[in-house]
A.B. asks: 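Supplied in structure tokens, the structure appears directly below.
Quantities reported herein were computed from a predicted structural model and do not represent experimental measurements.
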Amino acid sequence: MLHFELVTPARLLISEDVHMVTVPGTDGDFAVLEGHAPFMSTIRDGAVLVQKTPGGQPETIAIRGGFAEVNARGLTVLAEHAG
């Protein structure tokens, strides 16, 4: 499982293990699964899609701006605004 955190300046919104997350990067959407290579990206206004189980219906979370970081611990999205 991929550990996913969604953080805004106000608070930590999500911290959980999920199957896959799709993020609206400034150069295009990208999907992150467990074991993804480390990288950082700026993100554009759009929707983060959180798929909790393989084949499951994704949860959609609207976000505005920020950064995404993938590392050995998982995926962290630092959004200017979410919700």
Side-chain angles (χ1 to χ4, degrees):
M1 297 295 280
L2 169 72
H3 187 72
F4 170 58
E5 291 190 343
L6 175 59
V7 183
T8 68
R11 65 187 176 107
L12 173 65
L13 294 174
I14 297 174
S15 180
E16 63 186 354
D17 292 335
V18 299
H19 172 66
M20 181 175 72
V21 179
T22 303
V23 181
T26 52
D27 292 330
D29 292 359
F30 59 91
V32 180
L33 293 159
E34 181 180 25
H36 196 289
F39 80 103
M40 288 188 73
S41 175
T42 53
I43 52 178
R44 70 181 193 288
D45 296 356
V48 171
L49 303 177
V50 181
Q51 191 173 348
K52 295 186 179 185
T53 60
Q57 184 68 24
E59 175 185 349
T60 302
I61 304 165
I63 60 168
R64 287 197 312 239
F67 296 89
E69 178 184 13
V70 180
N71 58 36
R73 293 185 310 267
L75 167 66
T76 302
V77 172
L78 305 168
E80 293 171 12
H81 179 78

A.B. asks: For Met20, what are the other residues in its hydrophobic cluster, where any two members join if their side-chain heavy atoms are less than 4.5 angstrom apart?
C.D. replies: Leu33
A.B. asks: Which heavy atom in Ala68 sits nearest to a heavy atom in Ile43, and how many Å separate them?
C.D. replies: CB-CG2, 4.1 Å
A.B. asks: Between Val77 and Val21, is a side-chain contact (heavy atoms from CB on, under 4.5 Å) present by the stated rule, with each step listed?
C.D. replies: CA-CA 10 Å; Val77 172; Val21 179; 5.5 Å; no
A.B. asks: Quick one: side chain to side chain donor-acceptor pair (under 3.5 Å) partners of Asp17, sequence neighbours excluded?
C.D. replies: His3
A.B. asks: Using the side chain to side chain contact (heavy atoms under 4.5 Å, CB included) definition, which of the options Val18, Val23, Val48 pairs with Leu75?
C.D. replies: Val23
A.B. asks: Closest approach of Pro24 and Ala47, non-hydrogen atoms and distance?
C.D. replies: CD-O, 3.5 Å
A.B. asks: Determine, using the 4.5 Å side-chain heavy-atom cutoff (strictly less than), whether Ile14 and Leu49 are members of one ILVMFWY cluster.
C.D. replies: no
A.B. asks: How far apart are the closest heavy atoms of Gly25 and Ser41, and which atoms are they?
C.D. replies: CA-OG, 4.1 Å
A.B. asks: With sequence neighbours left out, write down each residue that passes salt bridge (charged side-chain N to carboxylate O under 4.0 Å, His left out) with Glu59, or none if nothing qualifies.
C.D. replies: Lys52
A.B. asks: If you take all heavy atoms of Pro9 and Ala79, which pair is closest and at what distance?
C.D. replies: CD-O, 3.3 Å
A.B. asks: Give me each pair satisfying side-chain hydrogen bond (donor to acceptor under 3.5 Å, both in side chains) with a member in residues 20-35, each pair once, sequence neighbours excluded.
C.D. replies: Thr26-Thr42, Asp29-Arg44
A.B. asks: Please go through Leu78's hydrophobic cluster and name the other residues, only I, L, V, M, F, W, Y counting, with side-chain heavy atoms under 4.5 Å joining them.
C.D. replies: Val7, Leu12
A.B. asks: By the side-chain hydrogen bond (donor to acceptor under 3.5 Å, both in side chains) test, which pairs, at least two apart or in different chains, include something from residues 74-83?
C.D. replies: none
A.B. asks: Sorted by first residue and then second, give each ring pair (Phe, Tyr, Trp, His ring centres under 6.0 Å) pair with at least one member in residues 31-61; sequence neighbours left out.
C.D. replies: Phe30-Phe39, His36-Phe39
A.B. asks: Restricting to side chain to side chain contact (heavy atoms under 4.5 Å, CB included), what partner residues turn up for Leu13, sequence neighbours left out?
C.D. replies: Leu6, Thr8, Arg11, Ala82
A.B. asks: Quick one: closest heavy-atom pair of Gly74 and Leu2, and the distance?
C.D. replies: CA-CD1, 3.9 Å
A.B. asks: Just grab all the salt bridge (charged side-chain N to carboxylate O under 4.0 Å, His left out) pairs involving residues 60-77, residues at least two apart or on different chains.
C.D. replies: none
